[in-house]
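Comments concern the structure below.
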There are 2 protein chains.
Amino acid sequence: MARAGGVTIRDVAKRAGVSIAAVSMALNGTGTLSAATRTRVREVADEMEYQADALARGLRRSSVGAIGLVIRSLDLLGDYAPAGVDVFARFIGDLSSQAMARGLSVMLVPDLTRRPAPPLALGLDGYVVDLPTVDDPVVRLLERRGIPYVTLGRDPDRPGFTDWASEDGPAITRRVLDHLAARGARCIALVRGTVPNAWNLDAEAAYRSWSASRGAAPIVREVAEGDGEAGGRSMAHRLADEGAPDAVLCLTGRHAAGMLAGLAERGIRVPHDAMIATASDSEHARHSRPAISAVELDTAATSAALLDLLQARIDGRPSVAPVLTGARFHPRGSTRRRD
Amino acid sequence: MARAGGVTIRDVAKRAGVSIAAVSMALNGTGTLSAATRTRVREVADEMEYQADALARGLRRSSVGAIGLVIRSLDLLGDYAPAGVDVFARFIGDLSSQAMARGLSVMLVPDLTRRPAPPLALGLDGYVVDLPTVDDPVVRLLERRGIPYVTLGRDPDRPGFTDWASEDGPAITRRVLDHLAARGARCIALVRGTVPNAWNLDAEAAYRSWSASRGAAPIVREVAEGDGEAGGRSMAHRLADEGAPDAVLCLTGRHAAGMLAGLAERGIRVPHDAMIATASDSEHARHSRPAISAVELDTAATSAALLDLLQARIDGRPSVAPVLTGARFHPRGSTRRRD
DNA sequence: GTGAAAGCGCTAACAG
DNA sequence: CTGTTAGCGCTTTCAC
């Protein structure tokens with residue numbers, strides 16, 4: 001290590017009575033070395049607790065064994081009531097533990113585009129970018145610098161780009177809509193976020209085509225992700241003013257919770273007068289009264305898929321196809337209605 | 001950059017018509033250079049979008065501009081219902097944005113002690129370690145390798161160690177206990193986690209001394225952090241079997257939520273028959289019925305304090321004293337009782 | 001005030 | 001099969 005530990009490859013070489021090159025080869029399993037030397041060197045290295053300096057190694061190999069994670073919502077996490085804290089926290093946790101199991105470190109990069117770039121940010125082996133937006137500056141930067149990356153959710157700008165994984169948004173949307181319809185909903189509104197990412201765009205598209213196929217007039221409303229519960233509440237009032245639908249699908253858990261509260265304020269009972277469901281489960285959804293029917297995203301599977309894809313890209317293996325991960329729907333009180 | 005971008009200090013030097021040393025000096029504001037050369041070089045570097053390779057720089061300076069964050073609970077985040085997801089997610093978000101504002105990158109290190117060490121992990125400039133436990137292997141490793149670190153919460157093993165920041169646990173505990181007593185509680189139980197960290201230990205100590213000063217017999221129960229809501233529920237049943245106290249302070253939000261549910265199952269009404277409060281706010285607490293009175297931790301202030309302390313240690317500035325950050329108590333329905 | 005040169009710890013190509 | 005050597009991109013003396 002540059003500073004910590006202090007035992008370098010040279011020390012090991014001296015102690016083992018071989019050249020530093022031999023040590024490097026022995027430890028990396030490269031080159032041509034006698035099995036005897038190899039084990040001997042390994043023993044000595046172990047004994048000395050030698051750990052190759054990732055910096056020096058990275059400088060040589062131009063691969064540091066670390067990837068970046070761009071979570072935009074991270075900036076929001078400082079707020080008291082951030083959007084979707086639940087699912088993102090789980091995603092961060094899953095991804096970093098799984099990456100570590102593969103020998104990769106994870107660096108958190110809230111904003112890759114700032115100048116000067118965060119140290120190491122441009123030297124990382126690759127990136128996982130969450131939900132690229134239309135005309136995404138982070139994606140543009142990675143693209144320009146030729147840094148491998150994969151995205152959580154498809155890139156709305158790049159239909160041909162296949163290095164992404166995601167829950168199957170459209171399928172989730174249809175699943176919930178079918179559920180609502182089965183419970184007797186006749187007029188279902190969709191409340192999406194304002195950010196132009198695949199999550200919002202694809203759900204809206206699925207909703208519109210589902211509506212069209214049923215001959216229903218679509219009602220789509222947008223609430224800013226950052227407005228959280230309060231945003232959901234005011235949207236509830238707006239919908240009530242307009243003559244409330246008898247079911248609302250909120251893509252965001254917080255919006256759903258706010259919607260529930262807002263409808264209650266207007267004397268609209270859930271699920272009796274109107275049903276509510278959300279496409280991303282959260283504690284909000286689980287602990288509201290009534291609890292809100294929600295889709296539970298499989299962040300562990302998505303993390304694994306993203307790491308697979310990223311490793312393939314880093315190794316230069318050809319990209320195959322995006323990975324759609326599963327999601328389970330949990331019907332709860334907010335859609336429990338005897339019709 | 002080693003790989004990405006490709007424009008090196010040599011390219012800038014050539015373009016600016018100076019030596020590479022001059023470029024380094026100009027950009028770092030070191031050495032003796034004419035102001036003219038300095039600006040000229042800077043302009044060229046900007047124009048070429050030159051970014052110094054953090055790896056190479058780190059190799060030389062043995063300081064990479066990145067710190068590690070050891071969040072043990074990260075391993076738990078993969079579970080569907082992890083403990084304290086809320087407060088940790090906010091902490092991670094706060095810390096990483098604030099670190100970036102200071103020009104530091106943050107690397108997530110779930111387990112620093114595993115062999116081989118995660119790449120870069122031992123080459124980082126310093127570490128923030130959350131809640132060290134008694135005989136903490138991570139702290140031991142950092143100590144042994146001489147890597148600067150600060151901790152969130154004091155180190156139970158090192159009374160003399162002052163490089164830590166935290167909410168004032170004992171003060172929080174007393175605050176809540178006073179509140180419960182003021183609302184008429186006569187027999188208050190404390191439910192803590194099992195991990196031997198300052199959070200649990202100090203709260204228990206504060207609780208015991210508070211009880212002693214009032215001549216009350218302390219009731220302390222332990223529930224594993226990872227058991228979450230279910231753990232709180234079974235503890236509720238156990239307490240009910242033993243003859244329930246008329247108030248319970250759960251250090252963890254999830255335990256509190258489980259406690260609420262468990263007591264309800266036994267026909268014990270909250271807040272009428274028993275009150276519940278928790279020392280760490282979460283969505284659980286806010287959205288239970290009734291909502292649970294809770295202490296909201298100031299993760300932003302704590303993050304800032306930790307980064308200050310860490311930077312001081314990295315720069316070799318002397319350590320002064322630990323920083324205690326504020327916390328607000330939110331009385332809610334679970335302790336709203338007219339006595 | 002400026003440039004040449006050494007070297008951080010490592011890997012990979014080469015000669016022995 | 002092994003050891004020597006040349007750098008990766010940068011910072012930092014040290015001559016000029």
Side-chain angles (χ1 to χ4, degrees), chain A residues 1-41 45 48-65 116-117 119-125 145, chain B residues 1-41 44-45 48-65 116-117 119-120 122-125 145:
Chain A
M1 266 313 106
R3 182 200 52 246
V7 33
T8 82
I9 196 173
R10 228 183 288 281
D11 303 329
V12 179
K14 196 168 295 175
R15 180 85 159 267
V18 296
S19 72
I20 57 168
V23 176
S24 173
M25 289 165 168
L27 265 38
N28 292 303
T30 56
T32 55
L33 269 176
S34 70
T37 322
R38 225 175 266 274
T39 36
R40 227 188 86 56
V41 169
M48 300 179 75
E49 297 196 327
Y50 168 75
Q51 299 258 11
D53 183 334
L55 253 48
R57 170 175 282 172
L59 192 56
R60 234 3 251 193
R61 300 211 283 219
S62 72
S63 138
V64 282
L120 287 175
L122 298 174
L124 297 173
D125 298 344
R145 303 200 78 123
Chain B
M1 265 314 101
R3 182 199 53 246
V7 32
T8 82
I9 196 171
R10 228 183 289 283
D11 303 329
V12 179
K14 197 167 293 174
R15 182 85 159 268
V18 294
S19 72
I20 57 167
V23 176
S24 172
M25 289 165 171
L27 265 38
N28 293 303
T30 56
T32 57
L33 270 177
S34 70
T37 323
R38 224 175 267 275
T39 36
R40 228 187 86 56
V41 170
V44 174
M48 301 178 76
E49 297 196 328
Y50 167 74
Q51 301 257 13
D53 183 334
L55 253 48
R57 171 175 281 172
L59 192 55
R60 251 337 265 192
R61 298 212 284 220
S62 69
S63 137
V64 282
L120 287 177
L122 298 174
L124 298 173
D125 298 344
R145 303 201 77 124

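Here is how names work: the chains are called A, B, and so on, in the same order as the sequence lines, proteins then strands, and each is numbered from 1.
- Smallest separation of non-hydrogen atoms from Ala56(B) and Leu59(A): CB-CD1, 3.7 Å.
- Leu55(A) has its CG atom 11 Å from the C1' atom of dC10(C), to the nearest Å.
- Side-chain contact between Met25(B) and Val18(B): absent, with no pair of heavy atoms (C-beta onward) separated by less than 4.5 Å.
- Listed by chain and residue number, nothing satisfies the salt bridge (charged side-chain N to carboxylate O under 4.0 Å, His left out) test with Arg38(B) (two or more places apart in sequence, or in another chain).
- Close to dT2(C), at under 4.0 Å from its OP1 or OP2, lies a side-chain N or O of Thr37(B).
- For Leu59(B), counting side-chain heavy atoms from C-beta on, the closest listed nucleotide (dC8(D), dT2(D), dC8(C)) is dC8(C).
- Here the P atom of nucleotide dC10(D) and the CD atom of Gln51(B) are 11 Å apart, to the nearest Å.
- When rounded to the nearest whole Å, the span between CG of Leu33(B) and P of dT2(C) equals 6 Å.
- Asp125(A) places a side-chain heavy atom less than 4.5 Å from the side chain of Ser63(A).
- Looking at every heavy atom in both residues, Ala54(A) comes nearest to Leu120(B) through CB-N, 3.1 Å.
- Protein atom NZ of Lys14(B) is 12 Å distant from nucleotide atom P of dA4(C), rounded to whole Å.
- One atom, CG of Leu120(B), and another, P of dG9(C), lie 16 Å apart when rounded to the nearest Å.
- What separates CZ of Arg38(A) from C1' of dC1(D) is a distance of 11 Å, to the nearest Å.
- In this view, Ser34(A) and Thr37(A) satisfy the side-chain hydrogen bond (donor to acceptor under 3.5 Å, both in side chains) rule, not counting sequence neighbours.
- Residues meeting the salt bridge (charged side-chain N to carboxylate O under 4.0 Å, His left out) test with Arg10(B), sequence neighbours left out: none.
- Taking the C1' atoms of five terminal pairs at each end of the helix from dG1(C)-dC16(D) to dG16(C)-dC1(D), the two resulting helix axes are inclined by 50°, rounded to 10°.
- For Ser34(B), a side-chain nitrogen or oxygen approaches OP1 or OP2 of dT2(C) to under 4.0 Å.
- Every residue was checked against the side chain to side chain contact (heavy atoms under 4.5 Å, CB included) condition with Thr39(B), not counting sequence neighbours, and none meets it.
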Contact letters for nucleotides 11-16 of chain C, in which S counts primed atoms plus P, OP1 and OP2 and B counts the base, heavy atoms under 4.0 Å: BBB---
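- Within the 4.5 Å cutoff, the side chain of Arg15(A) has no heavy atoms near those of the Val7(A) side chain.
- With dG3(C), dG9(D), dC8(C) as the candidates, the nucleotide lying closest to the side chain of Val18(B) is dG3(C).
- Protein atom CG of Asp53(A) is 18 Å distant from nucleotide atom P of dC8(D), rounded to whole Å.
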